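Notes follow once the structure below has been shown.
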Amino acid sequence: MGKVSLVGAGPGDPELLTLKAVRLLASADIVLHDSLVSREVLALISPTAKIIDVGKRAGKKLLTQDEINSLLISYAETREKIVRLKGGDPSVFGRAGEEIEALRKAGVRYEIVPGITAALGAAAAAGISLTDRRVASQILLSTFSRGSDASAMDWGCVGSTSTLVLYMPGADYAEVAERLRDGGLSADLPCVIVSGASGPQQEIRWSNIARLASEEKLPAPALLIVGRVASRDVAEIGKPFWHGEKANRISPRERVV
Ligand code: SAH
């Protein structure tokens, strides 16, 4: 029986891979990867390894999650070193949970090799600190569901004390802005859109929630960092910020000056 390594491929730049990821890619018998994994990272896979793209592109699924789970289990019966390569970190919006459950049920050995999640790659690209101690004491990694599953998110804490990183924001920035407003965020809260973080096509747009709807759409993969740390002008970060009604509930001592 082989072992499955759930490996994080990071946001794109191969230099952001862990040494362990590089070693596992170079010695793998088989690699099953998502479409998010960059070409430069795929180039590090052993030339003798079988490579399978199990990714999804533009909503068109190549393989279902159940099919991927079955593939991992069946390859574990015949191969020794199986790498399940995922963009960023396997445990952040990577559906690793379902794969781990299937592997456990089948009695297949597995390990998780963390990678740099897109939020961290994007913050580095924008040159900002997600937990600038003057304005943010927590980070919320989030996404929202669309259509019939859509539910109001409670992002009310974001403006005053937290940074929100919104994965998979999609191309409809007007909808995103509306959802952020519905979630309790103030229109003048800064945000930055980062596309293709750490890769050759990287793009960065500084904005705020009010202007977001009219921003030019950046290509996928992209995410949104929302909060006072996302201010382009670093001098703005330390200034007092009145976060709608909530600001009135903050005692003067808790205000950031
Ligand atoms: N497991 C991944 C996330 C998968 S969900 C991780 O830890 O990063 C896919 C979403 O991640 C994309 O829709 C986008 O919002 C974000 N993403 C992935 N790579 C990115 C990149 N290089 N730049 C910006 N956003 C990225």
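Being a predicted model, the structure only gives us computed values, none of them experimental. Note that ligands are numbered from 1 as they come in the structure, with each ligand's atoms numbered from 1 the same way. Values below: all heavy atoms of this structure, side chains included; hydrogens, waters and symmetry mates excluded.
Counting non-hydrogen atoms of other residues, nucleotides and ligands closer than 6.0 Å to NZ of Lys50 gives a total of 12 or fewer. Open room surrounds CD on Glu80; 12 or fewer heavy atoms of other groups in view lie less than 6.0 Å from it.
Looking at Asp132 and Arg228, no side-chain N of the basic residue comes within less than 4.0 Å of a carboxylate O on the acidic one, giving no salt bridge.
Distance alone, capped at 3.5 Å, is enough to place a donor-acceptor pair between the Ser195 side chain and the Pro219 backbone. Although no hydrogens or angles enter the test, the distance criterion places a donor-acceptor pair under 3.5 Å between the side chain of Gln202 and the main chain of Ser198.
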Using a 3.5 Å cut-off on N/O to N/O, what pairs does ligand 1 make with the protein? A line per pair would be great.
residue	atom	partner	partner atom	Å
ligand 1	1 (N)	Gly87	O	2.9
ligand 1	1 (N)	Asp89	O	2.9
ligand 1	1 (N)	Val92	O	2.7
ligand 1	7 (O)	Asp89	N	2.8
ligand 1	7 (O)	Asp89	O	3.4
ligand 1	7 (O)	Thr117	OG1	2.6
ligand 1	8 (O)	Thr117	OG1	3.3
ligand 1	8 (O)	Ala118	N	2.8
ligand 1	15 (O)	Met168	N	2.8
ligand 1	15 (O)	Ala222	O	2.6
ligand 1	22 (N)	Pro11	O	2.9
ligand 1	22 (N)	Ala197	N	3.2
ligand 1	22 (N)	Ala197	O	3.2
ligand 1	23 (N)	Ala197	N	2.9

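With a 6.0 Å cutoff to the six-membered ring centre and a 45° limit on the axis angle, Lys217 counts as a cation-pi contact of Tyr173.
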